[in-house]
Amino acid sequence: MYGLFVKFFTLFQKFVLCVITLALIAMMCVIAVQVFTRYVIFYSLPWSEELSRYLFVFIVLNGINIAVTREKLIKIDALQNSIKSLRGRLGLDIVHVIAGIIACVLIAIYCTDLFPVGRVQKSPAMRIPMIIMYSVVFVGYVLSTIALVLKLIEKVKAFCDPKNRGVRISTSDDIKATIEKGE
């Protein structure tokens with residue numbers, strides 16, 4: 001069941017990545033049209049900045065779960081690189097993932113407080129209901145929570161694997177290669 005869920009979530013992430021790509025293309029087109037109309041025609045489109053901002057928020061919040069899965073988030077490596085055992089680094093990764101899960105769950109919960117306001121409130125230029133943007137934030141953090149839980153399961157499995165006891169490593173990139181060698 002777990003393997004089936006991971007495959008489904010991976011396919012879903014590929015779909016989300018395609019949607020993000022389309023949103024990025026749309027955002028670039030909207031910004032190009034805005035620049036053209038502002039500096040060539042000397043007319044500023046009132047909706048273009050708002051749409052590009054909303055597309056940017058959509059791209060970032062739905063891309064977080066892909067970054068989590070691929071371990072491409074920003075982190076400070078000084079503490080991690082000072083730990084020379086594989087299990088020590090995996091333990092530190094587990095702590096980071098748990099902190100990320102807590103943060104994502106809290107943000108998703110607090111985002112639901114904005115739903116009643118979002119049903120009534122409309123965006124200034126485009127007049128779309130703000131519940132749509134608040135839902136994008138909520139869905140982005142729910143997807144990130146799912147990706148973090150899957151990452152936590154992966155890290156805990158690697159941490160508990162007896163083949164990883166006593167293994168020494170030198171760089172953070174060696175973690176994945178060391179685990180794969182042991183399999």
Side-chain angles (χ1 to χ4, degrees), residues 1-24 27 54-115 118 132-183:
M1 184 70 178
Y2 171 74
L4 183 65
F5 182 75
V6 170
K7 285 180 184 178
F8 172 75
F9 192 69
T10 303
L11 285 173
F12 181 73
Q13 283 184 322
K14 287 181 182 179
F15 171 74
V16 169
L17 192 58
C18 290
V19 173
I20 287 172
T21 303
L22 293 174
L24 181 62
M27 185 177 83
Y54 292 159
L55 287 170
F56 181 72
V57 168
F58 174 82
I59 291 166
V60 170
L61 290 175
N62 286 299
I64 293 172
N65 72 78
I66 297 168
V68 165
T69 302
R70 296 181 181 179
E71 295 188 19
K72 299 293 182 186
L73 295 175
I74 297 172
K75 60 183 174 182
I76 300 173
D77 293 334
L79 178 61
Q80 188 172 11
N81 288 339
S82 67
I83 300 171
K84 300 299 180 195
S85 79
L86 177 61
R87 287 188 58 164
R89 286 202 188 168
L90 287 170
L92 186 61
D93 284 347
I94 289 169
V95 170
H96 288 151
V97 170
I98 290 171
I101 290 170
I102 292 169
C104 286
V105 167
L106 287 175
I107 292 171
I109 288 170
Y110 288 126
C111 183
T112 60
D113 292 343
L114 297 173
F115 286 173
I132 294 171
M133 287 314 299
Y134 297 150
S135 297
V136 165
V137 175
F138 176 76
V139 169
Y141 279 104
V142 168
L143 291 175
S144 298
T145 303
I146 294 169
L148 283 166
V149 167
L150 294 176
K151 189 57 67 180
L152 178 65
I153 292 169
E154 175 188 317
K155 298 285 184 184
V156 168
K157 280 183 179 179
F159 183 82
C160 294
D161 190 355
K163 290 182 266 180
N164 293 333
R165 285 204 169 108
V167 177
R168 308 285 289 169
I169 54 176
S170 59
T171 65
S172 63
D173 296 333
D174 288 338
I175 291 176
K176 199 166 197 171
T178 306
I179 292 172
E180 289 172 358
K181 272 190 240 174
E183 293 177 354

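The analysis underlying the following values was restricted to heavy atoms, covering all of them including side chains, and did not include hydrogens, waters or symmetry mates. Numbering of residues begins at 1 and proceeds along the displayed sequence. Model, not experiment: these values are computed from the prediction.
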**Message:** Using a 3.5 Å distance criterion without hydrogens, assess whether the side chain of Arg87 forms a donor-acceptor pair with backbone atoms of Asn164.
**Reply:** no

**Message:** Tell me if a side-chain donor or acceptor on Asp161 pairs with a main-chain N or O of Lys157 at a distance below 3.5 Å.
**Reply:** no

**Message:** By the definition side chain to side chain contact (heavy atoms under 4.5 Å, CB included), identify the one residue from Thr112, Val60, Leu61, Leu114 that meets it with Val137.
**Reply:** Leu61

**Message:** Measuring only between side-chain heavy atoms, which start at C-beta, is Leu106 closer than 4.5 Å to Tyr141?
**Reply:** no

**Fill in**
What one should report as the nearest heavy-atom pair of Phe9 and Leu143 is CZ-O, 3.7 Å

**Request:** Mind checking the CG-CG spacing from Leu22 to Leu55? Nearest 0.5 Å is all I need.
**Result:** 11.0 Å

**Complete:** Rounding to 0.5 Å, atoms OG1 (Thr69) and CG (Leu150) come to a distance of 7.0 Å

**Asked** Is there side-chain contact between Met27 and Leu24, with at least one heavy-atom pair below 4.5 Å?
**Response** yes

**Item:** Worked verdict on Ser82 versus Leu79 for side chain to side chain contact (heavy atoms under 4.5 Å, CB included)
**Value:** CA-CA 5 Å; Ser82 67; Leu79 178 61; 4.0 Å; yes

**Residues, nucleotides or ligands: over 12 heavy atoms within 6.0 Å of Tyr2 OH** = yes

**Asked** How many angstroms lie between NZ in Lys7 and OG1 in Thr10, if you round to the nearest 0.5 Å?
**Response** 9.5 Å

**Message:** Other residues, nucleotides and ligands only: do more than 12 of their heavy atoms fall within 6.0 Å of CZ on Phe115?
**Reply:** yes

**Prompt:** If you measure from CG on Asp93 to NZ on Lys155, what distance do you get to the nearest 0.5 Å?
**Reply:** 4.0 Å

**Prompt:** Would you say Phe5 has more than 12 foreign heavy atoms packed within less than 6.0 Å of its CZ?
**Reply:** yes

**Complete:** Closest non-hydrogen contact found for Phe138 with Ala108 is CD1-O, 3.4 Å

**Item:** Leu92 side chain near Ile83 side chain, heavy-atom distance below 4.5 Å
**Value:** yes

**Closest contact, heavy atoms only, Tyr134 versus Cys111** = O-SG, 3.2 Å

**Message:** Is the shortest side-chain heavy-atom distance between Val19 and Asn62 below 4.5 Å?
**Reply:** no

**Item:** Ile66 and Ile20, any side-chain heavy atoms less than 4.5 Å apart
**Value:** yes

**Message:** So which atom in Ala67 and which in Leu73 form the shortest heavy-atom distance, rounded to 0.1 Å?
**Reply:** CB-CD2, 3.7 Å

**Item:** Pair Glu154 + Lys151, salt bridge at N-O below 4.0 Å
**Value:** yes

**Asked** Which atoms form the tightest heavy-atom contact between Cys104 and Leu148, and what is the distance?
**Response** SG-CD1, 3.8 Å

**Prompt:** Looking at Asn65 and Gln13, what are the two nearest heavy atoms and their distance?
**Reply:** OD1-NE2, 2.8 Å

